[in-house]
Amino acid sequence: MNKLILNKIKTILLLLFAVAGLNLSGQPAPWFTEGKFGLFLHWGLYSQTAGDWNRHPTKGGEHFMLYERIPVKTYAKIADQFNPTAFDADHWVQMAHDATPRTLSK
């Protein structure tokens, strides 16, 4: 695999650990556990295909490369097209905030 792709994958994995509130040992960070609310947004190259591969629904969710037996070179072409800019992170945060249970104080 191309070194650039491997470096991108490493960066993404490190960011996922940080976002998920995990330290590198795999244990939840205290602030994450004490917060009583967690949100994990998981999307990546498999979302680029929108659940469709070769004119049929994909199998395997985020593991669709394995389930659909997609060669690495073909999968890399999907990576070339992946440019997640058409989303609204602020909207996602607002929805998560709105979904968080609130304690009413008297």
Side-chain angles (χ1 to χ4, degrees):
M1 218 186 278
N2 177 319
K3 283 187 181 182
L4 180 61
I5 291 173
L6 287 176
N7 285 335
K8 287 182 179 183
I9 290 171
K10 287 178 189 176
T11 302
I12 289 168
L13 289 175
L14 287 172
L15 287 171
L16 287 175
F17 275 111
V19 170
L22 300 175
N23 61 32
L24 293 178
S25 69
Q27 298 300 311
W31 62 265
F32 187 78
T33 304
E34 293 164 9
K36 306 290 185 206
F37 180 80
L39 176 66
F40 180 68
L41 300 173
H42 188 169
W43 52 279
L45 294 183
Y46 67 95
S47 64
Q48 182 70 27
T49 65
D52 181 75
W53 185 252
N54 289 338
R55 295 176 294 282
H56 71 271
T58 59
K59 297 175 282 188
E62 66 270 20
H63 303 288
F64 92 99
M65 179 184 172
L66 173 68
Y67 281 77
E68 298 294 336
R69 298 184 175 145
I70 301 171
V72 172
K73 286 185 178 185
T74 302
Y75 198 68
K77 291 177 185 175
I78 298 170
D80 290 341
Q81 300 167 8
F82 186 66
N83 185 10
T85 58
F87 70 97
D88 186 349
D90 292 329
H91 181 67
W92 290 6
V93 170
Q94 187 63 54
M95 286 190 306
H97 180 268
D98 294 346
T100 306
R102 303 285 189 279
T103 302
L104 298 175
S105 58
K106 293 184 179 185

**Request:** Check side-chain contact (heavy atoms from CB on, under 4.5 Å) between F82 and all other residues, then give those that pass, not counting sequence neighbours.
**Result:** W43, L45, S47, Q48, P84
**Asked** Rounded to the nearest 0.5 Å, how far does CZ of R69 lie from CH2 of W53?
**Response** 14.5 Å
**Fill in**
Nearest heavy-atom contact between T49 and I78 is CG2-CD1, 4.0 Å
**Complete:** Tightest non-hydrogen contact, residues E68 and K59, listed as OE2-N, 2.9 Å
**Pairs flagged by side chain to side chain donor-acceptor pair (under 3.5 Å) wherever residues 70-88 is involved - sequence neighbours left out** = none
**Message:** Under a 3.5 Å cutoff, is there a donor and acceptor pairing between the side chains of D98 and Q94?
**Reply:** yes
**Set of residues satisfying side chain to side chain donor-acceptor pair (under 3.5 Å) with respect to H91, sequence neighbours excluded** = none
**Complete:** Contacts of Y67 meeting ring-ring contact (aromatic ring centres under 6.0 Å, His included) (sequence neighbours excluded), chain-then-number -> none
